[in-house]
Amino acid sequence: QPPAESRLNEVASWRSTVCRAMSAAVGRAGDPGPVHLNVALRDPLAPDLADLKPWPFDLQGRADGLPWISWPQASRGDGEGASPESVTPTKTVMVLGDLPDPAMAGQALRLAQRRAWPVIAEPFGAYGANAALPHGSLLLADETFVEGHRPQRVLVVGRHTLHRSIAALTRHEGTTVEHVSVADQWADPSHVVSKVYTWRDFMATDSEPQDVSDEAAVWGAQWHDAAATLTQRIDTTAPTDGVAGIHVARAVLDELTHVDTLVLGSSNTPRDLNLADPAGRDRPTVVGNRGLSGIDGTISTAVGVALAATGGRVVALMGDLTLLHDLNGLLIGPEEPRPDLTIVVLNDDGGGIFATLEYGHPDRANDFTRLFRTSTGADLSALCAGMGAAHRRVSSAVEVASTLREQTSG
């Protein structure tokens with residue numbers, strides 16, 4: 001734990017960290033055991049108490065002395081605890097994040113449909129979720145809609161990794177955030193989670209009677225109507241033959257089905273895919289490396305997925321920096337099996353994702369390319385040729401689709 005700072009969110013950080021330590025110590029999600037918690041102190045370690053300034057915020061925990069994070073365990077069979085089922089129906093939005101098994105997405109969606117919960121799904125693990133709101137993360141960017149349809153609860157299933165709009169939804173004052181963890185630890189980068197459920201407890205609610213108020217049902221339907229309207233607007237106004245990431249991502253999706261696998265690179269490509277996804281698509285399984293160093297080893301990951309595939313085709317979608325980070329992954333030894341793999345590279349010459357963040361503001365245009373885009377000017381065709389990898393240069397999303405189609409028919 002880093003040294004304490006006089007910041008308003010410090011109490012949430014401290015208490016969440018202590019709750020994680022307590023969870024591990026008592027074996028809430030695994031075997032109990034000793035926990036080592038590092039607490040950093042600033043010099044001097046024994047300061048003069050007369051020089052200390054009061055903290056600018058309240059150090060108290062939850063109202064009425066409630067636990068900062070609770071672990072309801074309905075499946076223990078002792079009658080204690082509770083499950084994610086609401087005794088009093090609430091307006092709940094489910095966020096489907098990174099899940100280790102795509103089948104989990106279908107199980108979670110079935111429960112959400114029984115409860116009339118709108119679902120925002122990220123592409124990893126949960127991407128086979130046909131019942132999720134199309135363009136859900138883009139809908140969250142409509143502040144007017146979200147303000148008028150504020151959820152009382154956000155139920156996060158798995159680990160959400162992408163859009164700021166999803167993280168912002170969990171930070172609204174007055175919104176309860178609960179998490180369904182599929183691992184020993186739970187994801188809570190904003191320190192907002194108040195309850196943690198195991199997957200077993202979560203799925204135990206699937207057989208419970210449906211209890212949805214008319215108000216909650218109407219509220220949930222309004223989310224679906226808004227997402228449908230947004231999808232129609234995108235379909236009628238967005239060009240189909242562009243060169244932006246969203247156009248290429250959609251072209252790739254158009255050529256893949258549920259038996260295929262799509263491997264995603266870091267940064268913009270998973271976001272492009274999330275925004276390009278319309279409703280009712282026969283989606284492929286989507287996998288990718290996420291986390292602090294998710295850009296590393298993407299080609300090698302795609303090669304491994306292709307070698308292990310038992311059916312369908314494997315396509316990887318990534319940017320030029322992701323390709324360059326693992327260029328040696330294109331080298332296949334002469335005695336090694338060669339994967340049946342197609343890699344689609346969006347070559348925007350650098351870190352295009354930073355243009356969507358604060359660094360890309362027009363006021364910083366003079367320094368942006370040098371400091372953040374980090375253009376390389378690399379000749380990707382020459383690099384592929386040098387690695388012995390067959391390649392084709394295309395200039396539009398339509399050409400991407402037609403090339404993938406030729407490979408399938410050929």
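Along the sequence shown, the residues carry numbers beginning at 1.
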If I take atom [atom1] from residue [X] and atom [atom2] from residue [Y], how far apart are they, to the nearest 0.5 angstrom?
X	Y	atom1	atom2	answer
I332	L341	CD1	CG	8.5 Å
L330	H391	CG	NE2	11.0 Å
L96	L109	CG	CG	5.0 Å
M94	I120	CE	CD1	11.5 Å
N347	R393	CG	CZ	7.5 Å
R20	I69	CZ	CD1	7.0 Å

Look only at the side chain of [X] and the backbone of [Y], and say whether a donor-acceptor pair between them is shorter than 3.5 Å.
X	Y	value
R313	L404	yes
R271	S267	yes
S23	C19	no
T269	M318	no
T261	T285	no
E178	K195	no

Quick one: are [X] and [Y] in side-chain contact, heavy atoms under 4.5 Å?
X	Y	result
L317	V315	no
R392	T403	yes
M104	V157	no

Is it the case that the side chains of [Y] and [X] hold a donor-acceptor pair, with the cut-off being a distance below 3.5 Å and no angle test?
X	Y	answer
S190	R171	yes
S300	D326	yes
T176	R153	no

